[in-house]
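Working notes, structure below.
Computed from a predicted structure; not experimentally measured.
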Amino acid sequence: MATTQTDTGRTNQKKRTRTAIVAAARDLIGTGGEVTMPLIARAALVSEATAYRYFPDLPSLISEALAGAWPSPAEALAPVADSTDPVERTAFACEFLLRGILARQGSVRAMISATITRPAAVSERPGIRFGLIDHALTPLEGTLGATDPDAFAQLKRDLAVVVSAEALFTLTDLCGLAPEDAVASAVRTATTLTQAAVRALA
């Protein structure tokens, strides 16, 4: 009986520790600042070694901490749900994603870094952009998607380059734009790409 109680106590303690680590990561991500394993461990009141016992690397921890943090594409695009204009919908999707990235940029940068150094870790990135792009372009499925599926697929690939954290950080870090200007620039580019595809249908 004593052994069973001890085992149960240890199991509960492990659950509490894991929960504390994930909660600390989520709180740190919410600040938009730098996200590292040492910072998360300190906030969770555990050692860095303990944090690594529960999560093998930072991306796996960030991935769990972000689970459910982003709404579904339909929920995200609810304000333009009644619009049949793919240009308006794409502009909204682009701005929505980039502002969400700015709010969580420390964790996004950490995930990108991990992907570059360990390509196998790409599966741990949420890939939010793809769902948003697909949903934004729904009005084109019966037109461009039906008449020229290759062009439709190319438009989605083009938008994936622009509607992205990589594009945002290029504009802020390398081009020196302020966050608001960077978002506006990316939205402009996404709009131009979509407008060109719509014009090609005429």
Side-chain angles (χ1 to χ4, degrees), residues 1-76 93-133 160-174 176-180 182-183 186:
M1 186 63 150
T3 301
T4 301
Q5 290 177 337
T6 300
D7 290 343
T8 300
R10 286 174 179 167
T11 299
N12 290 339
Q13 179 58 48
K14 286 182 179 179
K15 288 181 179 178
R16 286 194 296 271
T17 301
R18 184 184 185 86
T19 298
I21 293 170
V22 173
R26 192 174 292 126
D27 289 344
L28 194 59
I29 289 169
T31 68
E34 183 182 16
V35 177
T36 66
M37 198 65 96
L39 288 174
I40 293 170
R42 191 176 308 137
L45 303 178
V46 300
S47 68
E48 188 177 348
T50 295
Y52 275 116
R53 276 200 294 274
Y54 287 86
F55 296 92
D57 49 41
L58 184 59
S60 63
L61 173 51
I62 291 175
S63 181
E64 182 162 332
L66 283 176
W70 289 88
S72 69
E75 292 170 333
C94 183
E95 182 168 356
F96 175 85
L97 179 73
L98 299 189
R99 291 195 181 284
I101 289 169
L102 285 173
R104 310 171 176 88
Q105 67 171 299
S107 63
V108 177
R109 288 177 183 275
M111 291 293 270
I112 291 175
S113 176
T115 301
I116 292 172
T117 56
R118 292 191 304 107
V122 70
S123 62
E124 294 171 355
R125 291 182 62 178
I128 305 297
R129 79 184 85 174
F130 301 109
L132 289 174
I133 291 169
V161 175
V162 179
V163 185
S164 68
E166 293 88 345
L168 178 64
F169 295 147
T170 295
L171 291 168
T172 56
D173 300 356
L174 301 180
L177 293 184
E180 287 296 321
V183 171

Do you know which two heavy atoms are closest between Ala167 and Val161, and how far apart they sit? CB-O, 3.4 Å
Please answer whether the main-chain N or O of Glu166 pairs with a side-chain N or O of Thr170 as donor and acceptor at a distance below 3.5 Å. yes
Spacing of CD1 belonging to Ile21 relative to OH belonging to Tyr52, to within rounding of 0.5 Å: 11.5 Å
Verdict with supporting geometry, Tyr54 and Leu61, side-chain contact (heavy atoms from CB on, under 4.5 Å): CA-CA 9 Å; Tyr54 287 86; Leu61 173 51; over 6 Å; no
Leu132 to Ala76 - nearest heavy-atom pair and separation: CD2-CB, 3.7 Å
Approximate separation, where rounding is to 0.5 Å, of Ser164 OG and Ile128 CD1: 13.5 Å
Might you point out which heavy atoms bring Leu58 and Ala110 nearest each other, and give the distance in Å? CD2-CB, 3.8 Å
Please name the pair of heavy atoms, one in Phe96 and one in Pro71, separated by the smallest distance, quoted to 0.1 Å. CZ-CG, 3.5 Å
Mind checking the CE-CD1 spacing from Met37 to Ile62? Nearest 0.5 Å is all I need. 8.5 Å
Who passes salt bridge (Lys or Arg N to Asp or Glu O under 4.0 Å) against Arg99, sequence neighbours left out? Glu95, Glu180
Quick one, Arg109 and Asp173 - any side-chain contact, counting heavy atoms below 4.5 Å? yes
Give a yes-or-no answer on whether the side chains of Arg16 and Thr19 include a donor-acceptor pair shorter than 3.5 Å. no
Check whether any side-chain heavy atom of Ile112 lies under 4.5 Å from a side-chain heavy atom of Phe169, and answer yes or no. yes
Distance in Å, Arg18 CZ paired with Phe55 CZ, rounded so as to fall on 0.5 Å steps: 3.5 Å
Please determine, by modelled atom types, if Gln13 and Thr17 share a side-chain donor-acceptor pair under 3.5 angstrom. yes
Taking Arg104 for the side chain and Ile29 for the main chain, is one N or O donor matched with an acceptor at less than 3.5 Å? no
So which atom in Ile40 and which in Ala24 form the shortest heavy-atom distance, rounded to 0.1 Å? O-CB, 3.7 Å
Minimum-distance pair of heavy atoms, taken over all atoms of Val163 and Arg129: O-CB, 3.3 Å
